Amino acid sequence: IENIFIASLLHDIGKKIDSDENIDYELQCIRGEMLVQKIPMLKDASKIIRYHFLDWKDWKGSIDKPLTISSQIILLANFVDMMISRDRYILHQVDNIWQELFRLEDGILSSKVVEGFKKISIQEEFWFDLTSYRLYSILLHDGPLKKKDIDLDELSNMGELFKYVVDFKSKYTTTHT
């Protein structure tokens, strides 16, 4: 769970948008993996980040492998997040979200992951929690990393990661930090 949580927070860390606003998803994933694997405490999440845009049809092997299912969970969550319109009532969007996920099933998304999502999202409470302004606070205080202690070396490594991200995102900050 910790690795999925970390990967969900950092999955777009390798995103770089060119002047035409085009995104190379494969390159984004490779960059993300390279950045995150430099931090020992985040290393296990780096492989999930690397494969979080890999379509289900392109996976070799079983969905029951931790890397496979973790990456597919991040991909599904990413699709759901992109489909939610924050200015519309969430329950008016649920049927369309499910229809789109079912359309992506067995090609882009594993049917096992879609079925699992359907089971946990059947309750209206799930959708209210998902779109609550309190979600970030809840995850911070009650999430999988709520009691994660890091030492000074790990903190220094995290600082280096932030420096790379800031430098990487903009040509203006390349020499700044």
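In this chain, residues are counted from 1 in sequence order. Since the structure is predicted, the reported quantities are computational estimates derived from the model, not experimental observations.
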K.L.:
Going from CD1 on Ile84 to CG on Leu130, what distance comes out if it is rounded to the nearest 0.5 angstrom?
P.N.:
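Spacing of CD1 (Ile84) from CG (Leu130) equals 4.5 Å.
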
K.L.:
I need the Ser71 OG to His11 NE2 distance, nearest 0.5 Å.
P.N.:
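The NE2 atom of His11 is 12.0 Å from OG of Ser71, to the nearest 0.5 Å.
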
K.L.:
Heavy-atom distance under 4.5 Å between the side chains of Glu105 and Glu115, does that happen here?
P.N.:
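The answer is yes, as the side chains (C-beta and beyond) meet within the 4.5 Å cut-off.
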
K.L.:
Return yes if some donor-acceptor pair links the side-chain N/O of Ser132 with the main-chain N/O of Asp129 below 3.5 Å, else return no.
P.N.:
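Absent.
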
K.L.:
Below 4.5 Å, heavy atoms only, C-beta onward: do Phe79 and Glu100 meet side chain to side chain?
P.N.:
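No, side chains not in contact.
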
K.L.:
Between Trp98 and Trp127, how do the two ring planes meet: parallel, tilted or perpendicular, split at 30° and 60°?
P.N.:
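Taking Trp127 first and then Trp98, their aromatic rings stand perpendicular (interplane angle over 60°).
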
K.L.:
Quick one: side-chain hydrogen bond (donor to acceptor under 3.5 Å, both in side chains) partners of Asp81, sequence neighbours excluded?
P.N.:
Arg86

K.L.:
Would you list the atom pairs, donor with acceptor, under 3.5 Å between side chains in residues 106-113 and any protein atom, with sequence neighbours excluded?
P.N.:
residue	atom	partner	partner atom	Å
Asp106	OD1	Ser111	OG	3.4
Ser110	OG	Lys112	N	3.1
Lys112	NZ	Asp64	OD1	2.4

K.L.:
Going by ring pair (Phe, Tyr, Trp, His ring centres under 6.0 Å), name the residues that satisfy it together with Phe53, two or more places apart in sequence or in a different chain.
P.N.:
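Phe53 satisfies ring pair (Phe, Tyr, Trp, His ring centres under 6.0 Å) with Tyr25 once adjacent residues are dropped.
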
K.L.:
Any side-chain heavy-atom pair from Glu26 and Asp24 closer than 4.5 angstrom?
P.N.:
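Sidechains of Asp24 and Glu26: in contact.
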
K.L.:
With a 3.5 Å cut-off and no angle check, do the side chains of Asn78 and His52 form a donor-acceptor pair?
P.N.:
no

K.L.:
Dump the intermediate steps for side-chain contact (heavy atoms from CB on, under 4.5 Å) on Met83 and Asn96, then the final yes or no.
P.N.:
CA-CA 9 Å; Met83 287 186 267; Asn96 290 336; over 6 Å; no

K.L.:
What are the two closest non-hydrogen atoms of Trp56 and Ser62, and how far apart are they?
P.N.:
CH2-C, 4.4 Å

K.L.:
If you count the non-hydrogen atoms of other residues, nucleotides and ligands that lie under 6.0 Å from NZ in Lys57, is the total more than 12?
P.N.:
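Yes, NZ of Lys57 has more than 12 neighbouring heavy atoms, counting only those of other groups under 6.0 Å.
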
K.L.:
Rounded to the nearest 0.5 Å, what's the gap from OG on Ser85 to CD1 on Ile97? Could you check?
P.N.:
9.5 Å

K.L.:
Considering non-hydrogen atoms only, spot the tightest contact between Ile13 and Leu35 and give its length.
P.N.:
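That closest heavy-atom pairing would be O-CD1, 3.9 Å.
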
K.L.:
What distance do Arg134 atom CZ and Leu139 atom CG have between them, rounded to the nearest 0.5 Å?
P.N.:
11.0 Å

K.L.:
Name each donor-acceptor pair under 3.5 Å that joins a side chain in residues 40-51 to protein atoms two or more places apart or in another chain, with its distance.
P.N.:
residue	atom	partner	partner atom	Å
Ser46	OG	Lys43	O	2.6
Lys47	NZ	Glu33	OE2	2.7

K.L.:
Quick one: list whatever passes salt bridge (Lys or Arg N to Asp or Glu O under 4.0 Å) with Arg88, sequence neighbours left out.
P.N.:
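For Arg88 there are no salt bridge (Lys or Arg N to Asp or Glu O under 4.0 Å) partners, ignoring immediate neighbours.
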
K.L.:
Verify the cluster assignment for Val94 and Phe128: are they in a single hydrophobic cluster under the rule of side-chain heavy atoms below 4.5 Å apart?
P.N.:
yes

K.L.:
Flag yes if more than 12 heavy atoms outside Ile120 fall under 6.0 Å of its CD1 atom; otherwise flag no.
P.N.:
yes

K.L.:
Under a 4.5 Å side-chain heavy-atom rule over Ile, Leu, Val, Met, Phe, Trp and Tyr, are Ile1 and Tyr136 clustered together?
P.N.:
no

K.L.:
Please name all residues satisfying salt bridge (Lys or Arg N to Asp or Glu O under 4.0 Å) with Glu154, sequence neighbours left out, ordered by chain then number.
P.N.:
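Residues passing salt bridge (Lys or Arg N to Asp or Glu O under 4.0 Å) with Glu154: none at all.
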
K.L.:
I'd like to know if Ile6 and Leu155 are part of one continuous hydrophobic network [Ile/Leu/Val/Met/Phe/Trp/Tyr, side-chain heavy atoms within less than 4.5 Å].
P.N.:
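Yes; Ile6 is reachable from Leu155 via cluster members.
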
K.L.:
Kindly state whether the ring of Phe117 and the ring of Phe126 have centres lying under 6.0 angstrom apart.
P.N.:
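Centroid separation for Phe117 and Phe126: below 6.0 Å.
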
K.L.:
In Å and rounded to the nearest 0.5 Å, what is the CD1 to CG distance from Ile4 to Leu9?
P.N.:
12.0 Å

K.L.:
What distance do Met34 atom CE and Leu27 atom CG have between them, rounded to the nearest 0.5 Å?
P.N.:
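Between atom CE of Met34 and atom CG of Leu27 there are 9.0 Å.
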
K.L.:
Minimum heavy-atom separation for Asp153 to Asp151, with atom names?
P.N.:
N-OD1, 3.1 Å

